[in-house]
Visitor: 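Right, I'll just put the structure down here and ask away after.
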Amino acid sequence: MTINYKNYDFQKIEPFWQKKWLEEKTFRAENEGSNEKYYVLDMFPYPSGAGLHIGHPEGYTASDILARYKWANGFNVLHPMGWDAFGLPAEQHAIATGQHPSINTENNIHRFRQQIQSFGFAIDWGREVDTTNPHYYRWTQWIFLQLFKHGLAYVGDKPVWWCPELRSVLANEEVINGRSERGDFPVERKNLRQWVLRITEYADKLLQGLEDIDWPDSTKRQQIAWIGRSEGLELDFEIIPNGPKISVYTTRSDTVFGVTFLVLAPEHEFVERVTTPGNREKIQEYINNAKKKSDLERTDLAKEKSGVFTGGFAKNPFNGESIPIWIADYVLISYGMGAIMAVPAHDERDFEFAQKFNIPVKQVIIASETQSQGSILATEESQNSESKTQESLPFCADGILVNSGEFNGLATEEAKKQMAQRAEQLGFGKRAVKYKLRDWLFSRQRYWGEPIPILWIERSHYDRALAEKKAYFLDKIPARVVSYKKDGVEWCAIPVSEEQLPLKLPETDTYLPSDDGESPLAWAKQWLNIFVNLLTGEISTEPQTGFIPAVRETNTMPQWAGSCWYYLRYMSPDCEKSLVDHQAETYWRSPDFYIGGAEHAVLHLLYARFWHLFLYDVGIISAVREPFRKLFHQGIILGSDGNKMSKSRGNVVNPDEVIRQYGADSLRLYEMFLGPLDAMKPWSTQGIEGVYRFLKKVWALYVDGDGEVKEFLAEDDMAIDRLLHETIKKVTEDIEALQFNTAIAQMMIFINAAQKVGISRQVAIVFLQLLAPFAPHIAEELWARLKEPFSISKAKWPTYDALKLVTDQVKIVLQVNGKVRDEILVDSDATQEIIEKIAWQQSRFLTFLSGKRIARKIYIPGKILNVVVD
RNA sequence: GCUCGGGUGGUGGAAUGGUAGACACGCCAGACUUAGGAUCUGGUGCCGCAAGGCAUGAGGGUUCGAGUCCCUCCUCGAGCACCA
């Protein structure tokens with residue numbers, strides 16, 4: 001079953017075996033069996049028009065090595081691939097060409113599939129998923145309806161990020177420094193009716209879930225920071241005289257005696273109430289200016305604090321002090337209470353503000369004794385303590401309370417506790433937990449996404465259906481009605497009946513959104529305005545008896561939706577009765593290993609966890625709470641100039657071209673040999689020559705000049721045998737630790753030695769097995785030529801014999817004062833005594849000892865003898 | 001600004017506190033060749049003829065011994081960026 005030729009002809013070998021693996025379904029995973037399961041997951045790609053990028057196969061090769069290694073260790077391995085195919089580029093292409101985005105998407109998928117297959121990955125192609133396939137997005141829509149039913153999807157007229165260039169709303173996560181993540185266009189604030197998912201409900205669960213999963217620390221930290229949980233106190237400051245109470249949120253209640261002013265966000269409801277007539281004009285002017293500024297400007301100009309005194313005062317509930325009230329745009333209406341108690345002595349921002357406007361600074365925290373070490377510094381400080389105190393403010397660390405009445409002397413932590421108790425007892429405050437996490441803005445005014453399967457009906461119809469308890473959706477709606485008002489009519493959301501899923505995209509003349517934020521789906525009037533039978537859920541385009549008018553939701557879901565659950569779909573991609581077959585889910589549970597780019601640290605990985613936790617909570621899935629137990633981010637491959645690859649820089653490497661020149665095995669090997677998997681590293685076109693030569697050496701070791709497989713007559717060689725076992729050990733351990741670069745280096749060491757002395761057939765067989773996960777085509781070809789049974793990937797992974805690693809003699813390094821001076825070869829069981837005896841016969845070593853007094857001798861068994869002299 | 005993670009030959013990178021620079025690229029010399037951008041052999045951190053000395057961003061410290069641990073600083077990268 002092999003091809004007969006002399007040279008390492010990867011252009012023939014690789015397609016041959018790729019075809020064979022596909023035809024024989026060599027890597028098909030079964031949803032049951034006595035073998036232990038292993039689920040290796042790659043972040044599935046967006047099939048862009050540009051084709052596969054050289055960065056894609058880095059992660060895929062790593063996961064493939066792991067998958068093949070697990071196959072060889074007897075696991076039932078699931079290693080699937082699919083397409084995250086909804087998204088903006090396909091839609092923009094459609095707008096430009098007038099062609100339906102599905103055509104372009106299909107072409108791109110076809111190209112991606114071919115490219116990925118040309119790497120010979122051990123993928124179960126029978127489980128391919130495509131998020132734009134109605135059989136798939138039927139379940140994405142179904143999950144949305146479950147979120148809706150459980151009150152986790154609602155609509156709100158919300159200030160959202162609107163990108164005029166993209167004509168679309170973006171999620172908070174998609175906006176970076178006031179520009180769109182995709183395309184880098186400016187964005188602005190706009191009020192629009194939007195679907196929102198209540199991810200904040202899951203803030204604590206998302207936080208707790210991070211504790212026992214094996215993820216990169218930086219990714220966990222990013223999610224923790226994004227969720228932004230803080231514990232603090234809500235405190236009421238009464239407006240003087242007799243006004244309502246302004247609630248502020250603080251995490252530093254221990255500094256409350258140091259409050260010297262309050263700040264309200266310009267949008268705060270009490271601004272008008274506290275402003276005195278004399279200040280009205282400039283307050284109004286400030287508010288107007290703040291409104292005009294986009295959020296970008298507001299944060300950009302934040303280097304200099306700005307604000308205006310309202311003329312009003314409020315009472316500090318702890319000490320009764322009268323506190324001036326200011327407004328300033330460094331206080332955000334969207335976080336906490338939209339108002340703060342300012343403690344300039346112990347907060348940098350408040351300090352900066354107080355300095356600028358000459359507001360008093362009152363210190364109430366001092367550093368605790370234990371913190372002031374470093375005696376020299378302390379002495380200098382004490383000489384000039386007056387000015388030093390001023391300079392060291394703001395002091396933002398924890399410490400001991402002063403100037404705080406009965407709380408004096410308490411440490412920060414204890415003071416917070418007691419103050420919270422006091423506030424709660426006397427009713428002017430309560431403990432509170434706040435999050436930076438906002439609800440997930442889930443609608444997009446785009447064509448190429450999953451239609452949101454919701455119908456809008458008038459309130460009266462909705463109420464009647466509920467009152468009569470006769471409607472198909474009675475058990476599928478949230479406890480609180482989701483509705484909105486337009487032109488005096490209140491519209492209520494009801495789900496499209498499940499029988500009508502998938503709700504497919506309508507045909508339209510144009511894929512362009514209107515410039516006022518209406519989705520392109522609104523162009524399809526026939527589809528948009530319909531009649532629904534509330535008893536059956538049937539839909540009609542014409543009025544009928546028993547049918548009432550309804551309007552379809554025109555927004556589509558964001559691209560993140562489809563990727564929130566694809567790893568579940570791989571388990572049973574053809575399941576018609578549910579999103580995942582129960583038995584399959586029980587068997588596969590969740591991916592054992594997940595690899596993909598670090599750029600998804602807070603977007604995809606947070607959203608997917610949210611959906612998974614939800615599905616688990618409501619019992620739709622049951623195996624595990626957290627979807628991704630072990631996560632790894634491969635590093636980015638840069639261009640050979642050290643810059644990020646980009647068309648404009650002209651430093652893009654095309655994988656097709658590399659495969660044509662060097663073969664997929666070389667490319668796989670090279671990407672793994674470049675450096676540590678998680679490191680950012682530059683591509684080198686010359687560098688690939690090294691691994692290519694290595695494979696040619698392997699070939700030459702196995703195949704003679706006539707193209708015949710060698711007879712491997714070499715005698716068993718102790719040294720080669722030991723090296724082989726060292727190599728088994730190293731490669732096995734390195735694969736487990738994902739250190740593929742050093743595994744490959746070890747195989748190179750082996751081949752360099754083997755080509756000098758020759759190897760026996762047994763050694764030849766074992767080495768091929770080690771090579772197979774990395775360079776599967778050449779390994780499979782030589783395996784077949786050795787007449788070993790197909791496929792090498794299923795042959796039992798070799799184990800090393802610890803006895804063979806033992807050597808007769810060991811090298812002992814002789815050091816004087818830690819410097820290498822000589823080395824000796826001794827029997828490996830030699831005692832320190834014997835070693836010293838031999839050492840003292842070495843003339844070179846002795847020259848460094850002559851005339852010196854020996855103070856100490858340190859012997860590290862089998863390695864080093866270090867002699868310490870004066 | 002804050003929080004992480006890095007800085008090792010000409011290059012990519014190896015090194016449980018124990019011989020720094022594995023492996024590879026590149027380069028130099030040689031062999032085989034009509035030819036070499038194929039292959040093979042040897043060499044290749046820096047200074048020095050050598051003995052030896054100096055070397056892991058800089059400077060200190062701990063240690064018999066530090067790329068590795070601790071402190072200060074410089075620098076590159078990532079994340080966060082008025083979140084009270």
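In what follows, every chain begins at residue 1, and chains take the letters A, B, ... in the order their sequences are listed.
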Visitor: Could you check how far CZ of A/Phe237 sits from P of B/A84, rounded to whole Å?
Guide: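 After rounding, the reported distance stands at 16 Å.
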Visitor: Students often get this wrong, so: under 4.0 angstrom with heavy atoms, is A/Lys697 touching a base, only sugar-phosphate, or nothing?
Guide: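 Contact class for A/Lys697: sugar-phosphate only.
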Visitor: From CD of A/Gln746 over to C1' of B/A15, roughly how many Å is that when rounded to an integer?
Guide: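 Taking CD of A/Gln746 and C1' of B/A15, I get 14 Å after rounding.
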Visitor: Would you mind classifying the nucleic acid contact of A/Thr251 as base, sugar-phosphate or nothing, using non-hydrogen atoms under 4.0 angstrom?
Guide: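 It contacts sugar-phosphate atoms only.
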Visitor: Have a look at A/Asn866 and say if it touches a base, only the backbone sugar-phosphate, or nothing, with a 4.0 Å heavy-atom cut-off.
Guide: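 A/Asn866: base contact, heavy atoms under 4.0 Å.
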Visitor: Which part of the nucleic acid does A/Phe848 contact within heavy-atom distance under 4.0 Å: base, sugar-phosphate only, or nothing?
Guide: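 Sugar-phosphate, backbone atoms only, no base.
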Visitor: With heavy atoms under 4.0 Å as the rule, sort A/Asp217 into base, sugar-phosphate or nothing.
Guide: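 It contacts nothing in the nucleic acid.
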Visitor: Taking the six-membered ring of A/Trp226 (Phe, Tyr or Trp), confirm whether the NZ or CZ of A/Arg609 is under 6.0 Å from its centre and within 45° of its axis.
Guide: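 No, A/Arg609 does not sit over the ring of A/Trp226.
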Visitor: Evaluate the side-chain proximity of A/Phe767 to A/Tyr702: yes if any heavy-atom separation is below 4.5 Å, no if none is.
Guide: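 In contact.
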Visitor: For A/Glu733 and B/U16, give me the distance from atom CD to atom P, rounded to whole Å.
Guide: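 Distance check: A/Glu733 CD to B/U16 P gives 12 Å.
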Visitor: Can you measure A/Leu606 atom CG to B/C80 atom P for me and round it to whole angstrom units?
Guide: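 These atoms are roughly 13 Å apart.
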Visitor: In whole angstrom, give the distance that lies between atom CG of A/Asp329 and atom C1' of B/A84.
Guide: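 So the CG-C1' distance, A/Asp329 to B/A84, works out to 15 Å.
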Visitor: Between B/C64, B/G52, B/C23, spot the one nearest the side chain of A/Asn752, thanks.
Guide: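 Of the candidates, B/C23 comes closest.
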Visitor: Is A/Lys857 positioned over the aromatic face of A/Trp840, cation under 6.0 angstrom from the ring centre and no more than 45 degrees off axis?
Guide: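 The answer is yes, since A/Lys857 meets both limits relative to A/Trp840.
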Visitor: Does NZ belonging to A/Lys644 count more than 12 external heavy atoms closer than 6.0 Å?
Guide: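 Atom NZ in A/Lys644 is not packed in, count stays at 12 or less.
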Visitor: Between B/A81 atom P and A/Leu332 atom CG, what is the distance in whole Å?
Guide: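 It is 11 Å, rounded to the nearest whole Å.
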Visitor: Indicate, with a heavy-atom threshold strictly under 4.0 Å, whether A/Glu689 touches base, sugar-phosphate, or nothing.
Guide: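 Here A/Glu689 touches no strand at all.
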Visitor: Judged by modelled atom types alone, do A/Lys696 and A/Asn7 share a side-chain donor-acceptor pair under 3.5 Å?
Guide: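 No, because no side-chain N or O of A/Lys696 sits under 3.5 Å from a partner of the opposite role on A/Asn7.
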Visitor: I'd like the C1' distance from B/A22 over to B/G67, given in whole Å.
Guide: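 It comes out at 15 Å once rounded to the nearest Å.
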Visitor: Using the C1' atoms only, state how far B/C71 lies from B/C80, rounded to an integer number of Å.
Guide: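 Result for the C1' pair: 27 Å, nearest Å.
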Visitor: Which nucleotide in the list B/G18, B/G12, B/C40 gets nearest to the side chain of A/Lys863?
Guide: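 Closest nucleotide among those given: B/G18.
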Visitor: Out of B/G77, B/C23, B/C82, which has the shortest distance to the side chain of A/Met680?
Guide: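 Taking heavy atoms from C-beta onward, the closest nucleotide is B/G77.
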Visitor: Using O4'-C1'-N9-C4 for purines and O4'-C1'-N1-C2 for pyrimidines, with syn meaning within 90° of 0, is B/G9 syn or anti?
Guide: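 Syn, angle within 90° of zero.
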Visitor: Between A/Phe632 and A/Trp215, is a ring-ring contact (aromatic ring centres under 6.0 Å, His included) present by the stated rule, with each step listed?
Guide: CA-CA 7 Å; A/Phe632 197 91; A/Trp215 281 25; over 10 Å; no
Visitor: Could you check whether A/Lys819 gets within reach of a base, just the sugar-phosphate, or nothing at all, counting any heavy atom under 4.0 Å?
Guide: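 Sugar-phosphate, backbone atoms only, no base.
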Visitor: Please tell me which of A/Ala339 and A/Ala745 maps to the more 5' nucleotide of RNA chain B, matching each residue to the nucleotide holding its nearest heavy atom.
Guide: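 Nearest nucleotide further toward 5': that of A/Ala745.
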Visitor: When we call it a touch if two heavy atoms are under 4.0 Å apart, what does A/Val813 touch: a base, just sugar-phosphate, or nothing?
Guide: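 Here A/Val813 touches the bases of the nucleic acid.
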Visitor: Quick check on RNA chain B: between A/Val691 and A/Lys436, whose nearest nucleotide comes earlier from the 5' end?
Guide: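 Checking each residue's closest nucleotide, the 5'-ward one belongs to A/Val691.
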Visitor: For a quick check of understanding: with a heavy-atom distance under 4.0 Å over all strands, which category does A/Arg229 fall into, base, sugar-phosphate or nothing?
Guide: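 Here A/Arg229 touches no strand at all.
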Visitor: Could you tell me whether A/Thr250 contacts a base, only the sugar-phosphate backbone, or nothing, with contacts defined as non-hydrogen atoms closer than 4.0 Å?
Guide: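 Result for A/Thr250 = sugar-phosphate.
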Visitor: Stepwise, does the ring-ring contact (aromatic ring centres under 6.0 Å, His included) test hold for A/Tyr330 with A/Phe353?
Guide: CA-CA 10 Å; A/Tyr330 81 91; A/Phe353 194 85; 5.4 Å; yes
Visitor: Send over the distance from A/Gln222 CD to B/A81 P, rounded to a whole Å.
Guide: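 Going from A/Gln222 (CD) to B/A81 (P), I get 10 Å.
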Visitor: For A/Leu674, answer base if it contacts any base atom (sugar-phosphate contacts may also be present), sugar-phosphate if it contacts only those atoms, and nothing otherwise; contact means non-hydrogen atoms under 4.0 Å.
Guide: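 The answer is sugar-phosphate, as A/Leu674 gets under 4.0 Å only of primed atoms, P, OP1 or OP2.
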Visitor: Tell me which nucleotide among B/A14, B/U41, B/A84 gets nearest to the side chain of A/Thr742.
Guide: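 Nucleotide nearest to A/Thr742's side chain: B/A14.
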Visitor: In whole angstrom, give the distance that lies between atom CD1 of A/Ile224 and atom C1' of B/A81.
Guide: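 That distance rounds to 18 Å.
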Visitor: Please work out if A/Lys644 contacts a base, only the sugar-phosphate, or nothing of the nucleic acid, heavy-atom cut-off 4.0 Å.
Guide: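 Counting heavy atoms under 4.0 Å across all strands, no contact is made by A/Lys644.
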Visitor: Counting any heavy atom closer than 4.0 Å, what does A/Gln815 reach on the DNA or RNA strands: base, sugar-phosphate only, or nothing?
Guide: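 Base: the residue A/Gln815, judged by heavy atoms under 4.0 Å, touches a nucleobase.
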Visitor: What's the gap between B/G7 and B/C70 when it is taken at their P atoms, as a whole Å value?
Guide: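 Result for the P pair: 14 Å, nearest Å.
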Visitor: Picking from B/G18, B/A84, B/A24, which would you name as closest to the side chain of A/Val331?
Guide: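 The answer is B/A84.
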